[in-house]
Every structure is written in C-alpha cells, then in structure tokens.
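Remarks on the structure that follows.
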Amino acid sequence: MDEQFNADVLIEALPYLRRFNGKIIVIKYGGAAMINEGVRQSVIQDLILMQQVGMKPVLVHGGGPEIDRMLKKLNKEAVFVEGLRYTDDETMEIVQMVLAGKVNKDLVELFSRAGGKAIGICGSDGGLFIGKRLRKNGQDLGLVGDIQTVNTEMIRTLLDNGIIPVVASIALRGDEEGGFYNVNADTAAGSLAIALKAEKLILLTDVPGVMEDKTDLGTLIREMDVQMAKTLMKKGVIKAGMIPKVEGCLQALAQGVSAAHIVDGRSPHSLLVELFTDTGMGTMIR
Ligand code: ARG
C-alpha cells in the first residue's frame, strides 16, 4: 500500500467534498449495468458514502432486463416500437410488479445490508410523477408515458431526514381512468433532477461514456459543452441509444442542473471516481 497515494487521493477529493456538500445529486441506474450483483453493491456503497459526506443522493432506476425475464416466465412476448416497450394493460401490470415491487425493494435491501438508510418509492407515492401518454413519431405505445408534473415534497422530506430515496420509474396516469404509465428511467431521472434543482444528473450506463469510436476507449470524450454535444449529435457521432441520454442531459442543463455525467455503471466505484477526482472517468457535459 502506498500511503502517499492514498493521501493524494483524499486531498484531490477535498474541493469536491466541499463543493457538493448539501447538494442534491440524481443518479439513474438501470439496464445491463444493474445485472451484476457485485457491481450493484459497489454502486450502493458509493451512494452511502456520498450521503455520509453530506451530499443528498437520489437513485432513480429502471429494470428492463428484469421485466424481460418476467415476461418470458409468463410466456408473454416483449414488443418494442421505435425502441420503446409497447405497454399493454397486462404488460403494465407486470412492469409495476417488477419495478416497484421487486427491483425497487431489492435495491433497498442492498442499502440496508450495507448499513444505509433508504426508502423505495415509485411515481405514485406522494404523487411524485404524473404522466401523460407518449407517442413516438405518431405511433401508439400503449401505456408508455412522459412525465408531466413532478411533486418533490416526498423526496425532500426523505432527504431532509437523512434517507436515500430509491425511485422506480413509473408514473401516475393523470386522467380519470387512473392507473400507471411506464416511463423511461433516463427521462424520469432528468425530470426529477430539474424539479429538485439538483446540482448534478448522473446516468450510470453500460458504456464508458460518449466515445467518437465505440470500439476505442482512447476516443472517450471526457468533457463537452452543450454546443459540442449538439454538434456531435448532428454529425452522427452521438447515435442510437446514446441520443436520448444526451438529450436528457441537455434538457436538464437547460433547466438549471449544473452538470450532467454519463458514466460506466459496470465499473466498480465509477461514481466516486467521477465525483471526487479531477479527471473523472466518464463524460461530463456542462
Ligand atoms: N469531480 C469533478 C466533478 O464531478 C470533475 C469530474 C470530471 N469528469 C469528467 N468526465 N471530465 O465535477
């Protein structure tokens, strides 16, 4: 062990510990990055550490792979339209069970095992998310929604009491029919970061960040401004699954969030490296 190195790491963290004290950080976690149990534990530890040093982390999660697994068990086919899950009534019921019932509670269980205090909620708790029906390029997606209103009262109560909120990405239907909408977790995290006036929005994904060439880690873009992000989208360097993520980041930045980060959630403690070192390890957009 190199003691001097350890000391250097802590000293490098000092300005960030100071700067982010008391600040709300919204972290989105989901997809393939969430499958591995060991990695999941390291993400949870990172959030507990963040809270311990005075930050206010909020975790928003999806759970696509778990939903697919359950659909398969029930012999129900997963249907995607324009890259989004077509959600009929029965699928919505399964999404609710898996996200709010299983994935959410499993994450909370990991927190308690690691000595943290977390409470798992979904969009209906405290009227957190009210949605409206989403159509993509005029196509019907069933019960897929976009978030229309965010009521942050419940989240603030939890944060003020030293509790980490763990939020499943489903929203209330804001109409007489009632029930739920399935909402994209990246979008939900973005809307929540805006409503909470968060310092940061961090998307934990299963790629190292925005890269000019997906196969070459050397082309990772560590930092960019909004203009550059827009240019890269126009040029097609930012493409496919990365587009909605970057768009979500840009929206958050346009509405008061100071920085948005796209970080590899598969790499252990990537959150800590991103937050508490100068170079970070993913892509930061400002
Ligand atoms: N730790 C600092 C922050 O969170 C800097 C992070 C830099 N990260 C990057 N990908 N360039 O603000």
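Whatever order the structure lists ligands and atoms in, that order sets their numbers, starting from 1.
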Does Lys28 pair with Asp186 as a salt bridge, N-O distance under 4.0 Å?
-> yes

Arg156 bridged to Glu153 by N-O distance under 4.0 Å | no

Considering only distance and modelled atom types, tabulate donor-acceptor pairs under 3.5 Å from the side chains of residues 57-68, sequence neighbours left out.
unit_1 : atom_1 : unit_2 : atom_2 : d
His61  : NE2    : Asn104 : ND2    : 3.1
Asp68  : OD1    : Arg85  : NH1    : 2.9
Asp68  : OD1    : Arg85  : NH2    : 3.1

Once you round to the nearest 0.5 Å, how far does CD of Glu37 lie from CG of Leu110?
-> 5.5 Å

List ligand 1's nitrogen or oxygen atoms that come under 3.5 Å of a protein nitrogen or oxygen, with the partner atom and distance.
unit_1   : atom_1 : unit_2 : atom_2 : d
ligand 1 : 1 (N)  : Glu274 : O      : 2.8
ligand 1 : 1 (N)  : Leu275 : O      : 2.8
ligand 1 : 1 (N)  : Thr277 : O      : 2.7
ligand 1 : 4 (O)  : Lys200 : NZ     : 3.1
ligand 1 : 4 (O)  : Glu274 : O      : 3.4
ligand 1 : 8 (N)  : Glu274 : OE2    : 2.8
ligand 1 : 8 (N)  : Thr279 : O      : 3.4
ligand 1 : 10 (N) : Arg222 : O      : 2.9
ligand 1 : 10 (N) : Glu274 : OE2    : 3.1
ligand 1 : 10 (N) : Gly282 : O      : 2.8
ligand 1 : 11 (N) : Arg222 : O      : 3.0
ligand 1 : 11 (N) : Thr279 : O      : 3.4
ligand 1 : 12 (O) : Lys200 : NZ     : 3.0

Check: residues 116-132 side-chain donor-acceptor pairs under 3.5 Å, at least two apart:
unit_1 : atom_1 : unit_2 : atom_2 : d
Asp125 : OD2    : Cys122 : N      : 2.7

Got a list of side-chain donor-acceptor pairs under 3.5 Å for residues 139-146, not counting sequence neighbours?
unit_1 : atom_1 : unit_2 : atom_2 : d
Asp140 : OD1    : Gly142 : N      : 3.1

